[in-house]
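Residue indices begin at 1 and follow the sequence shown. As the structure lists them, so they are numbered: ligands from 1, and atoms in each ligand from 1.
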Amino acid sequence: MLAMPRRILIVEDERDISRMLDYNLRKEGYSTLLAYDGPAAVELASKERPDLVLLDVMLPELDGTEVLRRLRFDRRTARLPVIMLTARSEETDKIVGLELGADDYVTKPFAVKELLARVKAVLRRSSEALAAEERFKDGALEIDFGRVLVTLKGRPVDLTAKEFALLRALVDAGGRVLSREALLEKAWGMGAALELETRTVDVHVGTLRRKLKGEGARIITVKNFGYRFE
Ligand code: CA
């Protein structure tokens, strides 16, 4: 089967590194898009919808973590795979990046070979996630997103629209942690985080867990932050 080349957005203001990444990725058969600052990265990502973003942390105007935050809050780019690049070895960057939903993390200086391996792994995971998008089945739990149907060992579970939306957001995140604010925006809609209390999320997660019985334990509380689905 002939596959379209996967498109990778390279966000890096240091021209030498940008050129080197561009050259090596194209040599591997990827097509590339280049951005040299934060605002251009956000715009290109939402307009061009690449398959993956290589995102440097140190960028002019908007830094990489802010770019990532914006990508995750825009529905069109919320699930775009992102690998963060940073020269800093500080743990805080790594934690911020992972909390915001970076898929992987590479510290500069990096070996090209290693970076290419990470790119390949993240792309593989994301295409598996896309294939599973309309249907989720694991253990006793089965979710049919198209028909808005959840079953436990084949028995339908009666969920409200909000509970279903929360479950979908958590499952869609593919194991990434979602903040309460992000869950409000995803399940209640844009701007909900400004109007509703984050405790609303906790209350709905509580009922969702109960209704999912044993499978409810897969919704993990991440202290002082939010939730993830295991
Ligand atoms: Ca940089």
Side-chain angles (χ1 to χ4, degrees), residues 4-127 129-130 173-179 181-182 185 222 225-226 228:
M4 286 281 289
R6 314 296 291 274
R7 282 201 307 172
I8 298 179
L9 171 59
I10 301 165
V11 187
E12 168 62 276
D13 58 315
E14 286 159 81
R15 303 291 162 131
D16 288 352
I17 299 177
S18 171
R19 252 194 303 274
M20 182 273 284
L21 288 170
D22 183 36
Y23 170 80
N24 282 287
L25 288 165
R26 284 195 285 120
K27 210 171 89 180
E28 286 293 302
Y30 298 109
S31 76
T32 53
L33 295 160
L34 304 175
Y36 303 105
D37 60 55
V42 174
E43 198 191 325
L44 262 180
S46 105
K47 211 164 72 188
E48 299 289 335
R49 312 276 295 270
D51 296 293
L52 181 138
V53 183
L54 286 180
L55 180 59
D56 187 36
V57 172
M58 300 287 279
L59 289 171
E61 294 176 64
L62 276 184
D63 74 12
T65 55
E66 187 52 36
V67 169
L68 180 58
R69 196 189 306 274
R70 294 189 187 193
L71 293 180
R72 290 297 177 242
F73 269 87
D74 181 343
R75 201 170 45 79
R76 287 165 300 178
T77 54
R79 301 177 57 202
L80 193 54
V82 173
I83 299 178
M84 301 284 279
L85 307 176
T86 183
R88 291 186 271 180
S89 55
E90 283 166 23
E91 279 295 294
T92 49
D93 273 359
K94 188 170 177 174
I95 290 164
V96 168
L98 293 176
E99 276 183 349
L100 287 173
D103 296 82
D104 205 350
Y105 195 91
V106 176
T107 307
K108 291 177 183 172
F110 50 81
V112 171
K113 219 173 144 187
E114 193 206 332
L115 182 89
L116 291 172
R118 301 280 190 99
V119 164
K120 210 168 150 187
V122 169
L123 282 173
R124 190 181 53 234
R125 282 208 302 271
S126 89
S127 56
L130 277 180
R176 283 201 307 257
V177 187
L178 293 175
S179 67
E181 288 79 7
E185 298 270 327
V222 179
F225 189 71
R228 71 183 170 82

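Within the 3.5 Å criterion, the main-chain N or O of Asp103 finds no donor-acceptor partner in the side chain of Arg176.
The local environment of OH in Tyr23 is sparse, with at most 12 non-hydrogen atoms from other residues, nucleotides or ligands closer than 6.0 Å. Sparse packing is recorded around CD of Glu43, with 12 or fewer heavy atoms of other residues, nucleotides or ligands lying under 6.0 Å away.
Contact of the Val11 side chain with the Asp56 side chain is not registered, since no non-hydrogen atoms from C-beta on lie closer than 4.5 Å.
Closest approach between the Ca ion (ligand 1) and any N/O/S atom of Asp13 involves OD1. Within Glu14, the N, O or S atom at minimum distance from the Ca ion (ligand 1) carries the name OE2. Restricting Asp56 to its N/O/S atoms, the shortest distance to the Ca ion (ligand 1) is reached by OD2. The Ca ion (ligand 1) sits nearest to atom OE1 when only the N, O or S atoms of Glu12 are considered.
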